[in-house]
Amino acid sequence: YHPIDDAMWKKGDSLPYMALAKTFETIESYSSRLVIIEHLTNLFRSIMLLSPKDLVMTIYLSINKIGPSYEAKELGIGDHILIKSVAESTGRTVDAIKQELVEVGDLGIIAQNARMTQPLMFSPPPLTIASVFKTFQQIADTSGTGTGSQKKKMDQIKKLLIACKDCESLYIIRSLQGKLRIGLAERSVLMALAKAVLVTPPSTEFPPKVIDIRKNMRPEEFEEKYSNTVAKVTRAYSQLPNYDLFVPHLCEKDGIDNILKTCSLNVGIPVKPMLAQPTTGITQMLDRFTDMEFTCEFKYDGERAQIHYLEDGSVHIYTRNLEDYTGKYPDIAANVKKFIGPNVKSFILDCEAVAFDKATKKILSFQVLSTRARKSVQLDQIKVPVCVFAFDLLFLNGKNLINEPFYKRREVMVENFVPSDGVFSFAKYANISDVNDIQSYLEEAVEGNCEGLMVKTLKEKSIYEPSRRSYNWLKIKKDYMQGMTDSLDLVPIGAWYGKGKRTGTYGAYLLACYDEDNEEFQTLCKIGTGFSDKDLSSFTEQLKPHVINQPRNMFRISDSIKPDVWLSPSQVWEVLAADLSISPVHTAAYGNLESNKGIALRFPRFIRTREDKSPEDATSSEQVVLMYQNQKINNHNSESKPQKDEDY
DNA sequence: CATGGCTGCCC
DNA sequence: ATTCTGC
DNA sequence: GCAGAATGGGCAGCCATG
């Protein structure tokens with residue numbers, strides 16, 4: 001590939017959106033990530049030479065964002081508005097589009113196949129990367145009640161669609177849906193970016209001296225440089241996850257060499273957080289950490305909070321996905337001075353914010369935390385107080401700690417922060433390695449209203465490096481472990497058509513338990529995970545004969561749940577879940593715990609069919625209530641309080 | 001001005 | 001969040 | 001083992017509708 005001669009535009013031309021759309025089309029036709037990355041690399045090489053100003057916008061369009069999470073506005077566009085837009089621009093009804101969606105499984109394909117029927121005085125100019133990106137930003141900026149902002153958004157979408165040629169509408173629609181689904185996500189985009197700057201080094205000359213560095217290099221030599229570059233680039237990005245700032249540094253002369261310095265950690269700018277991989281048992285965990293020292297920590301059920309404290313005393317708080325949630329937690333900001341040691345001037349602390357009952361000094365459930373207001377919260381209006389549980393320290397007093405081993409980071413954290421009742425605490429931990437000790441520690445964690453344990457290496461491979469392996473930590477929850485959580489046996493009574501790679505089969509089902517007293521099926525959850533591809537197609541076949549036109553009278557269903565098809569009860573499926581919650585939409589044990597509310601499953605997944613059971617043998621509503629009441633923590637949040645309190 | 005649907009984001 | 005799948 | 005793409009419950013906040 002020659003990045004100048006083979007590009008579909010010339011230096012000085014505006015970068016056509018078609019160049020990106022065609023690259024997406026190619027990428028979509030391959031499943032090998034190596035091939036995918038090579039194609040995107042080539043596009044990036046051309047852009048860096050011919051239209052360098054458009055590189056950042058192209059990256060954003062490739063990862064489906066319009067800016068860094070912590071500052072970008074959202075599109076505020078969903079399937080509803082998109083279907084309406086496609087319907088209007090093709091002169092068809094919303095119902096017709098929805099009907100076709102069942103067969104096609106992809107709104108983008110429908111848009112691509114349709115002829116746009118808007119009358120045009122003259123054909124609009126071709127889309128450019130800049131015009132598409134700008135329109136996306138304008139859509140995000142469109143807001144306001146009574147101003148018809150949704151209509152305005154639809155008009156902007158329709159304008160885009162009319163200007164689309166060829167496969168462009170496919171990717172415009174998918175971008176607006178927030179799902180490109182071409183087998184490319186941020187990690188591969190970063191690898192392609194790294195490869196592009198390596199293969200065709202940024203240069204002030206045009207054409208540059210080096211078009212393809214591989215021509216003067218042995219393949220092994222290139223491969224080594226490449227993996228080195230990827231490591232540096234992804235590392236740098238995780239320290240400065242902002243393409244507006246990061247890309248210019250990368251494209252400087254010697255950008256790669258200096259990238260870790262030019263894109264260093266900054267207090268006030270979020271860091272990509274370390275994440276954890278699920279582990280099915282203690283043995284598996286021990287296998288992963290053979291011959292390494294590790295530590296076990298309670299895994300609290302709250303919200304990840306990366307707390308930044310700047311020298312000027314200001315505080316910023318970011319979520320797991322780098323959203324700015326400072327406005328949600330003014331109480332944490334106000335409390336910082338209560339929990340820092342005397343020498344602390346600035347820090348980045350990795351924590352979990354957990355709902356906390358000050359009276360009983362107990363942790364409250366995630367569901368309670370989620371009722372907290374989220375925007376511009378005033379200190380005196382806080383209804384759900386939180387306690388911060390800190391577990392890692394990434395930065396202190398101007399010093400970057402992410403290259404220190406975990407035991408060291410923890411040491412510095414414990415030295416410099418001060419637990420404060422109901423306000424701040426260290427995540428409880430123990431440096432244990434014996435299987436039985438870990439087992440009982442896990443039980444203790446669950447007893448203490450936690451989800452389970454986090455397991456982390458202390459010395460070897462213990463630096464804070466989300467770029468290399470984003471799942472370098474392990475998590476153990478009791479529901480991952482066989483025999484530690486009761487499963488449920490439930491009946492599919494409805495189904496939804498699958499989308500994307502599940503087109504042609506049902507993609508999700510509505511499950512119910514059986515209420516013996518009323519002889520009715522009551523819904524407990526939808527389910528869409530745990531199925532192998534084979535399961536998906538065989539269930540679709542098996543259940544087809546059981547499709548019914550109307551829900552049976554013996555189905556208790558809330559108005560807000562409308563499956564694409566109803567099913568007569570015919571099978572029983574074993575299902576696992578992490579928790580049970582009070583539900584506004586599901587009808588299991590309706591009114592039993594709270595008036596007008598039922599019970600639902602949290603994180604439901606399919607395990608297997610229960611060939612030995614018939615629908616009436618499914619888990620009963622009574623059993624569901626018992627399971628709810630047996631939870632260590634629930635939303636009534638007290639063992640002493642009777643559960644039934646709806647009438648007094 | 002209340003309600004309900006849609007969206008984004010948390011898990 | 002959980003899970004499956006191709007590489 | 002990674003990266004990507006299917007899918008879950010449930011909440012606040014925003015906007016249209018009546």
Side-chain angles (χ1 to χ4, degrees), chain A residues 30-37 69 73-82 84 105 142-151 153 177-191 275-278 288 300-305 319-323 325 328 352-353 365-377 384 451 468-471 475 477 479-480 496 498-503 505-511 524-536 559-560 575-586 599-607:
Chain A
Y30 292 98
S31 53
S32 156
R33 282 205 319 118
L34 294 175
V35 174
I36 286 171
I37 287 167
S69 322
K73 291 197 184 127
E74 302 313 318
L75 288 171
I77 296 291
D79 269 346
H80 180 77
I81 288 181
L82 281 171
K84 260 174 104 172
T142 306
S143 68
T145 323
T147 60
S149 65
Q150 298 205 350
K151 198 162 241 145
K153 286 183 181 186
Q177 280 181 308
K179 285 183 173 188
L180 230 30
R181 26 174 312 262
I182 56 176
L184 176 85
E186 187 160 31
R187 266 191 116 87
S188 301
V189 172
L190 271 169
M191 290 177 81
L275 303 171
Q277 188 99 115
R288 287 276 299 259
Y300 296 84
D301 192 7
E303 180 169 55
R304 191 83 173 255
T319 66
R320 175 197 151 120
N321 293 314
L322 310 188
E323 295 287 332
Y325 265 36
K328 176 173 176 177
E352 190 82 4
S365 70
F366 176 79
Q367 205 175 8
V368 170
L369 177 66
S370 70
T371 64
R372 234 182 109 117
R374 291 169 199 175
K375 292 195 168 169
S376 315
V377 175
V384 181
E451 290 187 286
R468 180 116 109 208
R469 279 235 314 262
S470 46
Y471 298 96
K475 56 180 168 183
K477 299 211 234 171
D479 52 294
Y480 299 161
W496 285 265
K499 294 183 179 167
K501 64 182 180 186
R502 292 200 181 166
T503 304
T505 65
Y506 297 128
Y509 292 88
L510 180 61
L511 296 185
L524 201 55
C525 64
K526 287 164 66 177
I527 195 160
T529 193
F531 304 110
S532 66
D533 290 356
K534 219 172 125 197
D535 289 335
L536 286 168
D559 293 338
S560 57
V575 162
L576 202 59
D579 287 307
L580 294 90
S581 57
I582 297 292
S583 174
V585 299
H586 289 290
I599 295 176
L601 300 185
R602 188 184 187 198
F603 310 145
R605 58 262 197 193
F606 172 82
I607 301 297

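The figures that follow rest on heavy atoms only: side chains count, while hydrogens, waters and symmetry mates do not.
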Engineer: What interatomic distance, in whole Å, is found between C1' of C/dA1 and the corresponding atom of B/dG8?
Structural biologist: 15 Å
Engineer: May I ask you to test the A/Leu601-A/Leu524 pair for a side-chain heavy-atom distance under 4.5 Å?
Structural biologist: yes
Engineer: Any side-chain N or O of A/Arg605 below 4.0 angstrom from OP1/OP2 of C/dA1?
Structural biologist: no
Engineer: What's the closest nucleotide to the side chain of A/Asp301 if the choices are C/dT5, D/dA6, B/dC11?
Structural biologist: B/dC11
Engineer: So, OP1 or OP2 of B/dC9: does either fall under 4.0 Å of a side-chain N or O from A/Thr319?
Structural biologist: no
Engineer: Looking at A/Lys328, I'd like to know if its NZ atom is crowded, meaning that more than 12 non-hydrogen atoms belonging to other residues, nucleotides or ligands lie closer than 6.0 Å.
Structural biologist: yes
Engineer: Taking OP1 and OP2 of D/dT7, is either one under 4.0 Å from a side-chain nitrogen or oxygen of A/Tyr506?
Structural biologist: no
Engineer: Could you please name the option among D/dG4, D/dC15, D/dC11 that lies closest to any side-chain atom of A/Pro584?
Structural biologist: D/dC11
Engineer: Just to verify, which of A/Arg602, A/Glu451, A/Arg605 counts as forming a side chain to side chain contact (heavy atoms under 4.5 Å, CB included) with A/Asp479?
Structural biologist: A/Arg605
Engineer: Please compare A/Lys534 and A/Glu451 by the position of their nearest nucleotide in DNA chain C and report the one closer to 5'.
Structural biologist: A/Glu451
Engineer: Establish, with yes or no, whether the OP1 or OP2 oxygen of D/dG10 is under 4.0 angstrom from a side-chain nitrogen or oxygen of A/Ser583.
Structural biologist: yes
Engineer: Side chain of A/Thr371 only, heavy atoms from C-beta on: which candidate in D/dA12, D/dC15, C/dA1 is closest?
Structural biologist: D/dA12
Engineer: Pick the closest DNA chain D nucleotide for A/Gly498 and for A/Lys84 by heavy atoms, then say which residue is nearer the 5' end.
Structural biologist: A/Gly498
Engineer: Does D/dA16 have its OP1 or OP2 closer than 4.0 Å to a side-chain nitrogen or oxygen of A/Ser149?
Structural biologist: yes
Engineer: Do any side-chain nitrogens or oxygens of A/His80 fall under 4.0 Å of OP1 or OP2 in B/dG5?
Structural biologist: no
Engineer: A/Leu184 or A/Arg372: which one's nearest nucleotide on DNA chain D is closer to the 5' end?
Structural biologist: A/Leu184
Engineer: Which nucleotide in the list D/dG10, B/dT7, D/dG13 gets nearest to the side chain of A/Ala600?
Structural biologist: D/dG10
Engineer: Return yes if some donor-acceptor pair links the side-chain N/O of A/Lys153 with the main-chain N/O of A/Leu75 below 3.5 Å, else return no.
Structural biologist: yes
Engineer: Is there a side-chain contact between A/Gln367 and the phosphate of D/dC11, meaning an N or O under 4.0 Å from OP1 or OP2?
Structural biologist: yes
Engineer: D/dC15, D/dG8, C/dC7: which one has an atom nearest the side-chain heavy atoms of A/Ser31?
Structural biologist: C/dC7
Engineer: Can you list the steps and then say if A/Arg33 with A/Met191 is a side chain to side chain contact (heavy atoms under 4.5 Å, CB included)?
Structural biologist: CA-CA 10 Å; A/Arg33 282 205 319 118; A/Met191 290 177 81; 4.0 Å; yes
Engineer: As a test of reading the structure: which of C/dA1, D/dC14, D/dT7 is closest to the side chain of A/Lys179, going by heavy atoms?
Structural biologist: D/dT7
Engineer: Given that A/Arg320 and A/Ser532 both sit by DNA chain C, which one's nearest nucleotide is further toward the 5' end?
Structural biologist: A/Arg320
Engineer: When rounded to the nearest Å, what value does the distance between C1' atoms of B/dG5 and C/dC4 take?
Structural biologist: 32 Å
Engineer: Measure from the side-chain heavy atoms of A/Arg374 and tell me the nearest of D/dA16, D/dG10, B/dG8.
Structural biologist: B/dG8
Engineer: Check every atom of B/dC10, B/dC9, D/dG10 against the side chain of A/Glu74 and return the nucleotide holding the closest atom.
Structural biologist: B/dC9
Engineer: Of the listed nucleotides (C/dA1, B/dC10, D/dA5), which one gets closest to any side-chain atom of A/Ala185?
Structural biologist: D/dA5
Engineer: Is there a donor-acceptor contact under 3.5 Å from the side chain of A/Glu352 to the main chain of A/Gly302?
Structural biologist: yes
Engineer: Distance criterion of 3.5 Å, no angle test: do you see the side chain of A/Thr529 paired donor-to-acceptor with the base of C/dT2?
Structural biologist: yes
Engineer: Of the candidate nucleotides D/dA16, D/dG13, D/dG8, which contains the atom at the shortest distance from the side chain of A/Lys526?
Structural biologist: D/dG8
Engineer: Please determine if a side-chain N or O atom of A/Lys475 lies less than 4.0 Å away from the OP1 or OP2 oxygen of C/dT2.
Structural biologist: yes
